[in-house]
Structure formats: C-alpha cells, structure tokens
Amino acid sequence: MTVSPIDVVVLASGRGSNLRALSDAIDGGRCHARIAAVVSDRASAPALELAAGRGLATELVPFRGRAERPRWDVELLETVRKHDPALVVLAGFMRIVGTPLIQYYARHIINVHPSLLPAFPGAHACAEAVERGVRISGCTVHVVDERVDAGPIIAQAAVPVHPQDDAESLHDRIRPREHRLLPDVIDRIATGDLSLSPLRLDGPVSIPDEALVSPSFLEREP
Ligand code: GRF
C-alpha cells in the first residue's frame with residue numbers, strides 16, 4: 001500500500017530534540033510525513049537553527065508581551081496556515097496556544113508532554129514528578145484543546161523514576177521515549193491507523209505496542 005505523507009508544521013521553542021527525532025524518522029522512512037515548516041516564538045531557539053540546517057522552512061513569530069497576545073495569536077495562526085498542514089505538532093512549544101489556532105485546527109493539533117498525563121500538567125512536569133516521589137513517569141502525546149495539557153490522550157510511554165533522580169535526569173530518561181512515540185503517532189495518523197477527527201481510540205489495536213504503558217516498555221535497570 002502506498003501511503004502519502006502528511007504535511008506537518010512543527011512548533012518549537014527549545015532545543016528541538018523532538019524535531020530532530022521526527023526529521024530523522026521521516027528521513028529513515030519510519031514516519032510518513034513532511035515537515036512543511038518549523039515555527040518558533042524565540043529567535044534564539046536551537047530548534048530553528050536545526051531546522052534551517054536541514055533545509056526546512058522556518059518561521060519566527062516573536063512573542064511581544066501580554067498586551068500583544070491577541071495579535072500574536074492571530075499572527076501564529078496565519079503563519080501556520082500559510083503552510084497548509086494536515087497536522088500541527090507542538091514539540092516543546094513553551095507558550096499556551098491561543099484560541100484562533102486551536103479552533104481552526106481543532107483535533108488536528110497534537111502535543112508531546114513529559115509526564116503520564118493527567119499527572120503533572122504544565123511547565124514543570126519532571127520537577128513535580130520527582131518532588132512527589134512517583135516511581136513511574138513517562139511521556140504523553142495528546143490532542144491539544146483549550147485546556148492546558150488536558151486534551152484526549154493518544155499514546156503514552158513509561159519510564160522508571162529513580163530515588164536519586166532530579167528533574168533533569170528524569171527528563172533525560174523521558175526524552176528518548178518521546179523521540180519514538182511522537183513520530184510513531186504521526187505515522188499512525190498518516191497511514192490512517194489512528195484518526196483524530198473524531199479521535200478513534202478503539203483500544204490497543206490502534207496503538208503500537210511500544211506506546212502502551214506496560215511493564216515490558218519500562219526501561220530495565222542496567
Ligand atoms: C519535551 O520534553 C516535551 O515533552 C516538552 O518540551 C520538551 C521539548 O524538548 N513539551 P525538545 O525541545 O524537543 O528537546
């Protein structure tokens with residue numbers, strides 16, 4: 001069966017390791033997608049440099065403060081729309097996305113988050129997981145809606161939390177899981193295995209084994 005790649009626009013504010021993993025998965029034939037553009041709110045985001053280095057289109061929509069927020073929300077939507085994506089991917093985009101983009105791309109925006117949602121939403125997920133002393137954490141890919149980190153969950157992967165972990169070491173353990181899960185979910189959307197409109201979650205059948213939260217997917221102790 002020939003699968004047509006879907007066009008995605010990636011929104012990223014940070015180092016861009018998920019962007020790199022997605023781009024690698026596409027180049028390696030593991031994800032049927034095309035990155036139409038990478039959009040950032042930060043001129044200094046390493047993700048932008050990475051994108052440019054790989055010949056991807058880049059866009060900057062700088063955030064100019066709260067007073068300018070309504071205008072920024074519209075500018076962000078217009079910037080994304082220019083590239084006409086089938087899917088918008090938040091990969092470390094550190095701003096809450098406004099209503100214009102969310103409504104225009106309803107059920108076609110996904111986010112990757114470094115916790116097993118609904119535990120630890122927000123910007124300090126790893127620190128809070130360590131502080132609460134949870135023994136298992138992980139990552140979640142979910143549909144973005146107007147609530148923060150609370151849209152329908154698509155897939156999750158788990159990692160153990162060690163007693164000596166701090167936020168950074170836990171995040172370092174979670175990232176490689178994100179790097180597999182996100183391209184995998186995008187590929188499943190591209191191949192029609194997973195539908196976001198309406199979200200079809202008919203159990204494990206539509207979810208890859210490695211994305212299930214199961215003991216077999218936990219990292220083993222060395
Ligand atoms: C990831 O851990 C993601 O879950 C969170 O932001 C981080 C982005 O990392 N939303 P990177 O920029 O992709 O390395």
Side-chain angles (χ1 to χ4, degrees), residues 8-27 30-31 33 35 37-54 56 58-61 63 76 87-98 101-102 109-131 134 136-161 165-186 210-211 213 217 219:
V8 301
V9 165
V10 178
L11 273 57
S13 310
R15 67 165 91 173
S17 69
N18 278 283
L19 170 66
R20 176 184 285 112
L22 176 59
S23 174
D24 286 347
I26 292 170
D27 291 349
R30 299 187 304 282
C31 180
I35 299 174
V38 175
V39 179
S40 187
D41 57 322
R42 283 182 53 221
S44 60
L48 277 183
E49 204 180 321
L50 173 78
R54 295 192 173 206
L56 302 171
T58 58
E59 300 272 11
L60 178 64
V61 186
F63 190 73
L76 186 64
L87 185 71
V88 179
V89 178
L90 308 188
F93 194 60
M94 298 315 283
R95 300 220 170 261
I96 292 172
V97 171
L101 189 81
I102 289 177
I109 311 180
I110 61 172
N111 179 43
V112 57
H113 181 80
S115 77
L116 294 176
L117 291 172
F120 311 121
H124 308 289
C126 293
E128 288 171 15
V130 167
E131 197 181 298
V134 298
I136 297 174
S137 190
C139 55
T140 303
V141 176
H142 67 94
V143 176
V144 174
D145 62 18
E146 307 239 11
R147 302 162 301 165
V148 176
D149 298 329
I153 289 169
I154 302 170
Q156 295 183 307
V159 302
V161 183
D165 269 330
D166 58 17
E168 204 177 326
S169 63
L170 176 58
H171 208 157
D172 285 347
R173 193 172 305 118
I174 290 172
R175 270 201 174 88
R177 292 293 182 267
E178 296 183 331
H179 297 166
R180 281 161 50 185
L181 197 62
L182 184 62
D184 201 18
V185 164
I186 295 170
E210 69 166 20
V213 178
F217 192 60
E219 257 192 7

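Start at 1 and go down the list; that is how both ligands and their atoms are numbered.
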> For Arg42 and Ser44, test the side chains for any donor-to-acceptor distance below 3.5 angstrom and give the result as yes or no.
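Yes, side-chain donor-acceptor contact under 3.5 Å.
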> Considering non-hydrogen atoms of the protein only, which is the closest contact for atom 14 (O) of ligand 1, and what is the distance?
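For atom 14 (O) of ligand 1, the nearest protein heavy atom comes out as Ser17 OG, 2.5 Å.
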> Measuring only between side-chain heavy atoms, which start at C-beta, is His179 closer than 4.5 Å to Asn18?
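Yes, close enough: below the 4.5 Å cut-off.
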> Under 4.0 Å from any heavy atom of Arg175, which atoms of ligand 1 are there?
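Here the atoms of ligand 1 in question are 9 (O), 14 (O).
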> Which of the numbered atoms in ligand 1 are under 4.0 angstrom from any heavy atom belonging to Val112?
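Checking each atom against Val112, I get 3 (C), 4 (O), 5 (C), 10 (N).
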> Below a 4.0 angstrom heavy-atom separation, can you tell me which part of His113, side chain or backbone, both or neither, approaches ligand 1?
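Only the backbone of His113 comes within reach of ligand 1.
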> Partners of Asp166 by side chain to side chain donor-acceptor pair (under 3.5 Å), sequence neighbours excluded?
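Asp166 satisfies side chain to side chain donor-acceptor pair (under 3.5 Å) with Ser169 only.
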> Is there a polar contact, in the sense of an N or O pair closer than 3.5 Å, between Asn111 and ligand 1?
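There is no such contact.
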> How far is atom 4 (O) of ligand 1 from the closest protein heavy atom, and which atom is that?
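Residue, atom and distance for the closest contact: Glu178 OE2, 2.4 Å.
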> State if Pro114 counts as touching ligand 1 under the rule of any non-hydrogen atom under 4.0 Å.
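Flag set, Pro114 near ligand 1.
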> Closest non-hydrogen protein atom to atom 8 (C) of ligand 1, residue and atom name please, with distance?
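For this ligand atom, the closest protein heavy atom is Gly92 CA, 3.5 Å.
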> Give a yes or no on this: more than 12 heavy atoms of other residues, nucleotides or ligands lie within 6.0 Å of atom CG of Leu60.
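Yes - once you tally the heavy atoms of other residues, nucleotides and ligands closer than 6.0 Å, there are more than 12.
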> Check whether any side-chain heavy atom of Ile174 lies under 4.5 Å from a side-chain heavy atom of His113, and answer yes or no.
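No. Closest side-chain heavy atoms not under 4.5 Å.
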> Do the non-hydrogen side-chain atoms of Leu182 and Ile110 ever get within less than 4.5 Å of each other?
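Yes. Closest side-chain heavy atoms under 4.5 Å.
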> Of all the non-hydrogen atoms in the protein, which one sits nearest to atom 12 (O) of ligand 1, and at what distance?
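It is Gly16 N, 2.8 Å.
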> Which pairs would a plain distance check flag for residues 119-131, meaning a side-chain donor or acceptor within less than 3.5 Å of a matching protein atom at least two apart in sequence or in another chain?
none

> Within ligand 1, which atoms have a heavy atom of His171 less than 4.0 Å away?
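Selected atoms, number and element: 1 (C), 2 (O).
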